Amino acid sequence: MTTVHLIIDSTLGPLRLASDGEHLTGVYFAEHRHAPKDLGHQVEEAAAPAVLLAAARQLREYLAGERTDFDLPVAAAGTDFQQRVWAVLRAIPYGQTWSYGDLARALGQPGASRAVGLANGRNPISIVVPCHRVVGSSGAITGYGGGVERKQALLDLESRAGTPALFG
């Protein structure tokens, strides 16, 4: 199946969910840095593949403060190094942040903070693969493909676990 995408609304702005029909291949904000230009044919929820319906439901639950992790088949296109970084991102617990250095150390490459940051910034499956949980070594909110305001909103949501209202 070719790539298709579904657009859902949230108070963080529209989210574009992409799929190859079997896997979630992307979650992008409207003004997402590094988003592909072509996400394939846009579908309505009534015609969306099951994986996009599950992703929409789980994202709604997450943004309402009702879900802390995701159970979705994902397939992100990237280099071997990016794949390794994205796999480690999924291990960062809900409500916690790691520095780029922490992420590099978890990969077994303590000197690769900069490369880890670049791979983190190319994560195509925002929120589900929680690149928003990576901050600067001082704890500063650093870049985010969807914008630092959204990153802060996601971190705030997780810090007040259970308090709803990011989904509109």
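The structure displayed is predicted, hence computed values, not measured ones. Positions are given from 1, in the same order as the sequence printed here.
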Looking at [atom1] of [X] and [atom2] of [Y], how far apart are the two atoms once the value is rounded to the nearest 0.5 Å?
X	Y	atom1	atom2	value
His23	Thr3	NE2	OG1	12.0 Å
Ser137	Trp98	OG	CH2	16.0 Å
Glu66	Glu61	CD	CD	6.5 Å
His41	Leu6	NE2	CG	11.0 Å
Thr97	Asp102	OG1	CG	8.0 Å

- Task: For the pair Thr142 and Lys151, evaluate side-chain contact (heavy atoms from CB on, under 4.5 Å) and give the outcome as yes or no after the intermediate values.
- Result: CA-CA 9 Å; Thr142 56; Lys151 182 174 186 170; 3.6 Å; yes

Please tabulate, for the side chains in residues 108-116, all donor-acceptor contacts under 3.5 angstrom to protein atoms that are two or more places apart in sequence or on a different chain.
unit_1	atom_1	unit_2	atom_2	d
Gln109	OE1	Arg84	NH1	3.3
Gln109	OE1	Arg84	NH2	3.0

- Any chance you could lay out the side-chain contact (heavy atoms from CB on, under 4.5 Å) test for Asp69 and Asp71, step after step, and finish with the verdict? CA-CA 7 Å; Asp69 63 352; Asp71 179 23; over 6 Å; no

Where [X] and [Y] come nearest, the two heavy atoms and their spacing:
X	Y	answer
Leu52	Ala48	CB-CB, 4.2 Å
Tyr94	Leu157	OH-O, 3.8 Å
Gln82	Thr79	OE1-N, 2.8 Å
Ala18	Leu24	O-CD1, 3.4 Å

- Message: Taking Leu53 as the starting point, is it possible to reach Val27 by hopping between hydrophobic residues whose side chains are less than 4.5 Å apart?
- Response: no

side-chain contact (heavy atoms from CB on, under 4.5 Å) against [X], all qualifying residues, sequence neighbours excluded:
X	answer
Arg90	Val74, Val128, Val129, Pro130
Ile7	His5, Pro14, Arg16, Gln42
Ser138	Ala140
Ala76	Trp86, Pro124, Ile125

Could you check if a side-chain atom of [X] sits within less than 4.5 angstrom of a side-chain atom of [Y], using non-hydrogen atoms only?
X	Y	answer
Tyr28	Ser126	no
Arg122	Cys131	no
Val51	Pro73	yes
Leu59	Ser10	no

- Query: How far apart are the C-alpha atoms of Leu17 and Leu15, what are their side-chain angles, what is the distance that settles it, and do they pass the side-chain contact (heavy atoms from CB on, under 4.5 Å) test?
  - Reply: CA-CA 6 Å; Leu17 315 180; Leu15 292 174; 4.3 Å; yes

- Query: Would you find a donor on one side and an acceptor on the other, under 3.5 Å apart, between the side chain of Thr25 and the backbone of Ala75?
  - Reply: no

- Item | Any donor-acceptor pair under 3.5 Å from Asn120 side chain to Gly117 backbone | no

- Message: Considering only residues two or more places apart or on different chains, which pairs with a residue in residues 128-147 satisfy salt bridge (charged side-chain N to carboxylate O under 4.0 Å, His left out)?
- Response: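 As it turns out, the salt bridge (charged side-chain N to carboxylate O under 4.0 Å, His left out) pairs with a partner in residues 128-147, which skip direct neighbours, are Arg133-Glu158.
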
- Other hydrophobic cluster members with Val135, side-chain heavy atoms of Ile/Leu/Val/Met/Phe/Trp/Tyr under 4.5 Å, chained?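 Its cluster mates, by chain and number, are Ile141, Val148, Leu155.
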
- Item | side-chain hydrogen bond (donor to acceptor under 3.5 Å, both in side chains) against Glu45, all qualifying residues, sequence neighbours excluded |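 Arg60.
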
- Item | Set of side-chain hydrogen bond (donor to acceptor under 3.5 Å, both in side chains) partners for Gln83, sequence neighbours left out | none

- Item | Counterpart residues, ring-ring contact (aromatic ring centres under 6.0 Å, His included), relative to Phe70 (two or more places apart) |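 Tyr62.
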
- Message: Evaluate Val85 against Leu103 for side-chain contact (heavy atoms from CB on, under 4.5 Å), listing each step before the verdict.
- Response: CA-CA 8 Å; Val85 169; Leu103 193 54; 4.0 Å; yes

